[in-house]
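Below, all heavy atoms of this structure are taken into account, side chains as well, without hydrogens, waters or symmetry copies.
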Amino acid sequence: MSYAEATQQPKANALVSQVTLDSPLPQYTRVADAINAIPAQHSGTWVIEVQPGIYQESIIIQTPNVHVRGVDKKTTKIVFSRYAGQVIHPDTDEVFGTGRTATVEITASNVHLSNLSILNSFDYPANEIRSQEDPNRVSGTQAVALKTAVTADKTFLDNIELWGYQDTLYLKGNRAYIKGGLVAGHIDFIFGGGTAFFDSVDIVSRKRNTGNGITGYITAPSTLNTRPFGFVFSNCNLAREAGVPNQSVALGRPWHPTTTFSEGRYASPYAIGHSLFINTYMDTHISLEGWTSMTGKTKNGGIKYFNPLTDARFAEFKSHGPGAFQNEARPTLSDVEMLFYSKASVLQGWHPM
């Protein structure tokens, strides 16, 4: 960050640091403590500046109009380890489930995060190579780095790195704008029923130690059919870590979450997931067919395969690079259709600053 950029930023209201700073501002050693100390009534945006360090904690941001600002995403990190199959307490069989594993969860509106790395440090690779008979092998390996709850709106992730493996970024909220930065994972690592516009983001597929054929899925949207936009990627870069095979990663698959209805629990027919890649570079790890199917539970307890072409809204526009194949399995939009998918339309008139 240049001096000019630093002087143009709003002044901080509080500081988080692992060492004592010479400043009159309130100081905290934990990010969660600084967030919990935000006055219930404050004008404008409350800015919390986080100094370099590794902060081992989980955070829920429930106060609107907050900006948590790191100094540098490479040196300012929020890290926590929790996975879906982990028991909440040794005396109970209740587990966290995917929705309660997030290192950072946002439940409020107008929350801005910048210049940070957020990691769920659950060691998926170490667990993956354990044998099925190993008593230390765990199930329920979904582990979320960041989640926006259904109550969240106008979430701005600015130059943020999100690191995980399975289910890294869980988007349930209304509008999220992700500008720059990085999202890394392998299985369904950008998923949920929310709306988000990804602008010039590096989407990094990570290596799995098991599995043949398709080893990763970038998106698993569960967008309701009443919602026009799900996940829109514009000018992004689909990259991979070393060891990810060629043509082994799908752009997405249709997630129809098991939902409770009056006649039972089964895969929601109303979740017609939406993912769109616009002018995005795709490396050789992207599969020839682009998209793939996903299973869900039927009313009578059976299994249904949801077709990516008929049970979802998947498309591309001007994909390029060695993984940007053109065939009938990969729908493309026309220039006229693309007029509907502007950033202003997806964000419904919200202009993140």
Just checking, is any N or O donor in the side chain of [X] or [Y] under 3.5 Å from an acceptor N or O on the other one?
| X | Y | answer |
| --- | --- | --- |
| S114 | H67 | yes |
| R227 | T195 | yes |
| R240 | N246 | yes |

Give the minimum heavy-atom separation between [X] and [Y], together with the two atoms involved.
| X | Y | result |
| --- | --- | --- |
| F189 | V183 | CE1-O, 3.7 Å |
| A12 | E49 | CB-CB, 3.9 Å |
| V244 | H285 | CG1-CB, 3.9 Å |
| A176 | L171 | CB-CD2, 4.3 Å |

Report task. Kindly say whether the aromatic ring centers of Y124 and H186 come within a distance under 6.0 Å. Result ->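 Under 6.0 Å, so yes.
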Query raised in the report: Taking the six-membered ring of F325, is NZ or CZ of R330 closer than 6.0 Å to its centre and within 45° of its axis?
Result: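 No; the conditions do not both hold, so R330 does not lie above the ring face of F325.
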Query raised in the report: According to the interplanar angle, ranging from 0 to 90°, do the rings of Y170 and F191 count as parallel (below 30°), tilted (30 to 60°) or perpendicular (above 60°)?
Result: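 Parallel.
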Heavy-atom neighbours of [X] [atom1] exceed 12 at 6.0 Å:
| X | atom1 | result |
| --- | --- | --- |
| Y270 | OH | no |
| F261 | CZ | yes |
| E263 | CD | yes |
| N300 | CG | yes |

